[in-house]
Amino acid sequence: MTPLDLAAAIGAALSGAVADGRIQLDPAQIPDPIHLERPKDPKHGDWSTNIALQLAKKAGTNPRQLAELIAAALGGLDGVKGAEVAGPGFLNITLDAAAAGELARTIVEQGHGFGRNEDLKGQWFNVEFVSANPTGPIHLGGTRWAAVGDALSRVLEANGARVTREYYFNDHGSQIDHFAESLLAAALGEPTPENGYGGQYIKEIAAKVLEEAGPDTLKLPRDQAQEVFRERGTAHMFQEIKDSLHEFGVDFDVYFHEQSLHASGAVTKALDDLRASGNLYEKDGAWWLKSTAYGDDKDRVVIKSDGDAAYIAGDIAYLRDKVSRGATHLVYLLGADHHGYIARLKAAAAALGIDPDSVEVLIGQLVSLLRGGKPVRMSKRAGTVVTIEDLVDAVGVDAARYALARSSIDQTLSIDLDLLAKHTNENPVFYVQYAHARTANVARKAQAAGVERTGGFDPALLTDPREADLLGALATYPRIVRQAAQLREPHRVARYLEELAGAYHKWYDACRVVPLAGDPVQDLHRTRLWLNDAARQVLANGLDLLGVTAPERM
RNA sequence: GCCCCCGUAGCUCAGGGGAUAGAGCACUGGUUUCCUAAACCAGGUGUCGAGGGUUCGAAUCCCUCCGGGGGCACCA
C-alpha cells in the first residue's frame, strides 16, 4: 500500500459517496491524486489528509462527518490498520507494517526508475541557461545557473520530458568588439581600452592568438589585426567556457552562436516577416517592434539608426529557431538583472505568432560573495571576480553544485569562500553523500556476513518506529520529483535528500542489518537489507537529479 | 516614479492554507569491545519585518507601509 494507492482509495470512497447520493459534489472537484502527508507527530498516524476540510463546504456537509464517511470506507481495506478522524476534520491513517514495508521491495525492483514518471511525455523543453558572454570566464552567478539549469533539466527528464540544454553565445555586437580590442591592446602592451576587459585571462588569450597567427599579425592595419584577434580569441574563449562547464559536469546539447543567425539571414528573414505582418514601424531612423501591443511597457528598437541589428533582433530569430527545432517549452534561466527581459521576450514571441505562455523565464537572484563573513564586491577591474574554476578549486564539483542548487532561485545566495574552503562538513552535501556511502558499506558487510535479499523478505518485521519513518521518507520521493518539475524548483530535491539522509542515519543507528557476531542471520536482517538497499537507491536517484555523485565509500 | 525578488533561530537557509514553525552550522553535555562517530541522543532560542484584510484555520493568499537587493538603453 503506497501513498498513491491510499490516495486512490480515498478518491474512490468520495466518488462512491457521490454516486450513491450520500454527498452532493461535482466529481471534478475531487483532486487527483488526493494529497497525503506524513504528519510530524507520529500520534497522527502514518499518513494524514485534510481533504474533508477542503471539500466539506462544497459537499454541503461538515468536515468531521465527511472524514468519518471516508474513514468507514478505508477501515475495511487490506493493509490499512486504522483510520481516525481528528481535530476539525483531519483524517489520520495508520498502515500495517507489512503494507508499508512492501515499498522497500518496490523500490529495489524499480531501481533507477523509482520516482520517475511520464507526466511530461510529449513535451519538449528547450532550457537555455548560463549563456554568459564569451568575453571572459564564467563567474559565480553563471555557475549558479549552470548548477540549477542542469538540475532542472534532469528533473524534467525524470518526469518524461524531452530536454535540450542550450547555451547562447552572444558573439555578435559591441561586447565582442570590445573583447577583440582588449586582446589586441594586450598583445601590443597597451593599457586596457575604455569599456574593455582586463585581467590575466585577456593576456593569456592574446598570447595564444599571437603564437598561432604569428608576430606579423601586429604589423597588419589595426582593423585587420583586430579581426584576427576577434576570430581566434572568441574561439579560445568558447573552448575555455565549454571545458570549464564540462569539468563542472554540465554538457550542453547545443552551443548556439548568435553570429550564425545573422550569417544565415535568419534575423533579416524574421524582421521582414514582422514588417510584413505589421509588427514593425520606422521612427527616428530606427525600426521598432510594437511590443506594447503584446504587453510590454515600451516598444523596442530592433534595427538601430546606424543600420545594425539591436540585440533583441537576434533573440527574435532565435525564438523562432528553437520552435522550428521542435521545442514546445522555451525556458530561460536569467539573472535578476535581466528581469526587464521577460515582457519583451514574450511580446516578441507573440508578434511571431508563438504562444507567449510557451516562453517561461525563470529569474534567479544574484549570488553575493562573502569572505570571512564580510561582503566582497566583485569587480573585473579589481581582479576580485570569482570564476567557476575558483569555486571548483575551493570546494570540488559536488559541493559546489550542491551548494548552488539547494536554495530557491528566488533567494539571493551568499557564498562564503573562506567557509567553503575549509572543507568542513558545514556543507550538507557531505551529510547526504555520507548516508549513501553508509548504505553501500552496510550492503558490503551484509554480503560478507551472509545476509542476502533472496528469500526471507517479510515486511511485517519492519516494526521499529525508525523503519516507519524511513519508509515514509522513501514514499515521498516520487511526489518530490513531480513537484520539483511542476514548480521548476529543483532545490526541493536537495532538501528532500537531507531529510531522507537524516531518516537513514537514525535508522542505521537503531536497526542493525548485519547480526552481531555469533548471532544467526534471520529474516529480519534480510528484510532490513531490502530497506537499506531501497534507501541507497533513492539517495542515488536523487543525487543524480542534482548532478552530484553518490560515492560508494567516503 | 514604475517593475521583480527577499525579510523566518546567533549564521546560512527550508517551509506551494492545516495540528506544537523546521534543518544544517555554531554552542554545551553524552553515546563506539559489534554494519563507517562525516553518525546518533539530549539541552534552546523565534513579535515568521510592521499593520490591516480574506478564511473554520495564514509564515504561506490580498492590500498598505518599512527595510535590503536588482532592474527600468538606438548596451549586450
Side-chain angles (χ1 to χ4, degrees), chain A residues 37 39-41 43-44 48-50 53-54 56-57 62-63 86-90 92 133 135 170 172-176 178 195 258 283-288 297-298 300-306 308 310-312 314-315 335-343 363-366 368 370 373 403 406-416 419 424-431 433-435 437-446 448-449 451 483 486-487 489 491-492 494-496 498-499 501-502 504-506 508-519 525 528-529 532 553-554:
Chain A
E37 59 185 43
K40 285 167 213 143
D41 187 340
K43 284 203 296 281
H44 296 144
S48 166
T49 179
N50 60 0
L53 284 156
Q54 287 176 353
K57 191 176 271 183
N62 74 59
F90 292 104
N92 297 332
N133 283 344
T135 54
N170 306 132
H172 179 95
S174 57
Q175 302 282 10
I176 287 293
H178 295 318
N195 298 323
E258 181 187 5
K283 192 185 96 180
D284 302 335
W287 282 88
W288 299 69
D297 57 348
K298 54 184 78 163
R300 305 290 168 180
V301 168
V302 290
I303 301 176
K304 296 185 278 185
S305 51
D306 64 6
D308 285 349
Y311 180 73
I312 193 174
D315 273 334
D337 50 341
H338 286 75
H339 111 267
Y341 231 63
I342 304 174
I363 294 298
Q365 299 303 306
L366 303 177
S368 66
L370 302 175
R406 79 184 281 266
S407 290
S408 157
I409 62 166
D410 285 342
Q411 188 74 249
T412 52
L413 194 59
S414 303
I415 296 278
D416 190 317
L419 213 63
T424 64
N425 55 343
E426 286 172 57
N427 193 325
V429 71
F430 293 117
Y431 186 75
Q433 287 186 314
Y434 181 58
R438 255 190 168 171
T439 63
N441 192 61
V442 167
R444 282 191 294 270
K445 292 287 182 181
V451 180
Q483 202 178 34
Q486 282 164 6
L487 299 175
E489 291 184 350
H491 76 275
R492 286 172 185 269
R495 298 301 172 150
Y496 163 78
E498 289 164 32
E499 270 180 46
Y504 178 77
H505 285 311
K506 289 174 172 69
Y508 169 90
D509 221 60
C511 302
R512 292 189 60 93
V513 172
V514 179
L516 292 174
D519 288 355
H525 305 113
R528 282 179 174 167
L529 181 58
N532 177 77
R553 300 170 198 272
M554 285 176 79

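All figures in this text were calculated on a predicted structure; none of them were measured in a lab. Atoms considered below: every heavy atom in the structure, side chains included; atoms not considered: hydrogens, waters and symmetry mates. Order of the sequence lines fixes the chain letters, A, B, ..., with proteins taken first and strands second; residue numbering starts at 1 for each chain.
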Enquirer: How long is the line joining NZ of K57(A) and C1' of rG18(B), in whole Å?
Expert: 15 Å
Enquirer: When rounded to the nearest 0.5 angstrom, what distance separates SG in C511(A) from NE2 in H525(A)?
Expert: 10.5 Å
Enquirer: If you compare every side-chain N and O of R492(A) against the phosphate oxygens of rG15(B) (OP1, OP2), does one of them come in below 4.0 Å?
Expert: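 Looking at the OP1 and OP2 atoms of rG15(B), one of them is under 4.0 Å from a side-chain N or O of R492(A).
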Enquirer: How long is the gap from CD on Q411(A) to CZ on R406(A), to the nearest 0.5 Å?
Expert: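 One finds 11.5 Å between CD of Q411(A) and CZ of R406(A).
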Enquirer: Using OP1 and OP2 only, check whether a side-chain N or O of R406(A) sits under 4.0 Å from rA23(B).
Expert: no
Enquirer: Is the base of rG16(B) touched by the side chain of Q483(A) through a donor-acceptor pair closer than 3.5 angstrom?
Expert: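 In this structure, the two groups form a donor-acceptor pair.
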Enquirer: Between atom CD1 of I409(A) and atom CG of L366(A), what is the distance when rounded to the nearest 0.5 Å?
Expert: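 Taking CD1 in I409(A) and CG in L366(A), the distance rounds to 11.5 Å.
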Enquirer: Measure from CD on Q365(A) to P on rG69(B) and round the result to the nearest Å.
Expert: 13 Å
Enquirer: So if I take every side-chain heavy atom of E489(A) and compare against rG15(B), rA37(B), rU20(B), which nucleotide ends up nearest?
Expert: rG15(B)
Enquirer: Please check: side-chain N/O of N92(A) versus main-chain N/O of S48(A), any donor-acceptor pairing under 3.5 Å?
Expert: no
Enquirer: Stem ranges for RNA chain B, with three or more consecutive Watson-Crick or G-U pairs under 3.5 Å?
Expert: B:1-7 with B:66-72, B:10-13 with B:22-25, B:27-31 with B:39-43, B:49-53 with B:61-65
Enquirer: By nearest atom, which of the nucleotides rC35(B), rA14(B), rC34(B) is closest to the S407(A) side chain?
Expert: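 Minimum distance to the S407(A) side chain belongs to rA14(B).
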Enquirer: Between H505(A) (NE2) and rU32(B) (P), how many Å, whole number?
Expert: 20 Å
Enquirer: Is R438(A) positioned over the aromatic face of Y508(A), cation under 6.0 angstrom from the ring centre and no more than 45 degrees off axis?
Expert: yes
Enquirer: Mind calculating the distance between NE2 (H525(A)) and P (rC35(B)) to the nearest angstrom?
Expert: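 Spelled out: NE2 on H525(A) to P on rC35(B) is 13 Å.
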Enquirer: How does protein contact run along nucleotides 71-76 of chain B, one letter per nucleotide 5' to 3', with B for base contact, S for sugar-phosphate only, - for none, heavy atoms under 4.0 Å?
Expert: SSSBBB
Enquirer: Let me confirm one number: the OH-OG1 distance from Y434(A) to T439(A), rounded to the nearest 0.5 Å.
Expert: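 Y434(A) OH to T439(A) OG1: 11.5 Å, rounded to 0.5 Å.
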Enquirer: So, OP1 or OP2 of rC13(B): does either fall under 4.0 Å of a side-chain N or O from S414(A)?
Expert: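 Answer is yes, contact under 4.0 Å.
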Enquirer: Is there, by distance only and without an angle test, a donor paired with an acceptor across the side chain of D509(A) and the base of rA37(B) below 3.5 Å?
Expert: no
Enquirer: L413(A) has a side chain; which of rC13(B), rA14(B), rA19(B) sits nearest to it?
Expert: rC13(B)
Enquirer: Check for me: is F90(A) stacked on rA19(B) by the 5.5 Å centroid and 30° plane-angle rule?
Expert: yes
Enquirer: Name the nucleic acid region contacted by Q411(A), choosing base, sugar-phosphate or nothing; use a 4.0 angstrom heavy-atom cut-off, strictly under.
Expert: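 Here Q411(A) touches the backbone only, sparing every base.
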Enquirer: Given the structure, check if the side chain of S48(A) and the base of rA19(B) hold any donor-acceptor pair shorter than 3.5 Å.
Expert: yes
Enquirer: Once you round it to whole Å, what is the distance between P of rU60(B) and CD of E37(A)?
Expert: 18 Å
Enquirer: Over how many whole Å does the gap from R495(A) atom CZ to rA14(B) atom P extend?
Expert: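 Rounded to whole Å, this separation is 5 Å.
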Enquirer: Using modelled atom types only, decide if a donor and an acceptor are shared between the side chain of D284(A) and the backbone of A286(A) within a distance under 3.5 Å.
Expert: no
Enquirer: K506(A) NZ to rC41(B) C1': how many Å, rounded?
Expert: 10 Å
Enquirer: How close or far is atom C1' of rA38(B) from atom OH of Y434(A), stated in whole angstroms?
Expert: 6 Å
Enquirer: Taking only N and O in the side chain of Y431(A), is any of them less than 4.0 Å away from OP1 or OP2 of rC40(B)?
Expert: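 Checking Y431(A) against rC40(B): at least one side-chain N or O falls below 4.0 Å of OP1 or OP2.
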Enquirer: Could you work out which one of rA37(B), rG18(B), rA19(B) sits closest to the side chain of N50(A)?
Expert: rG18(B)
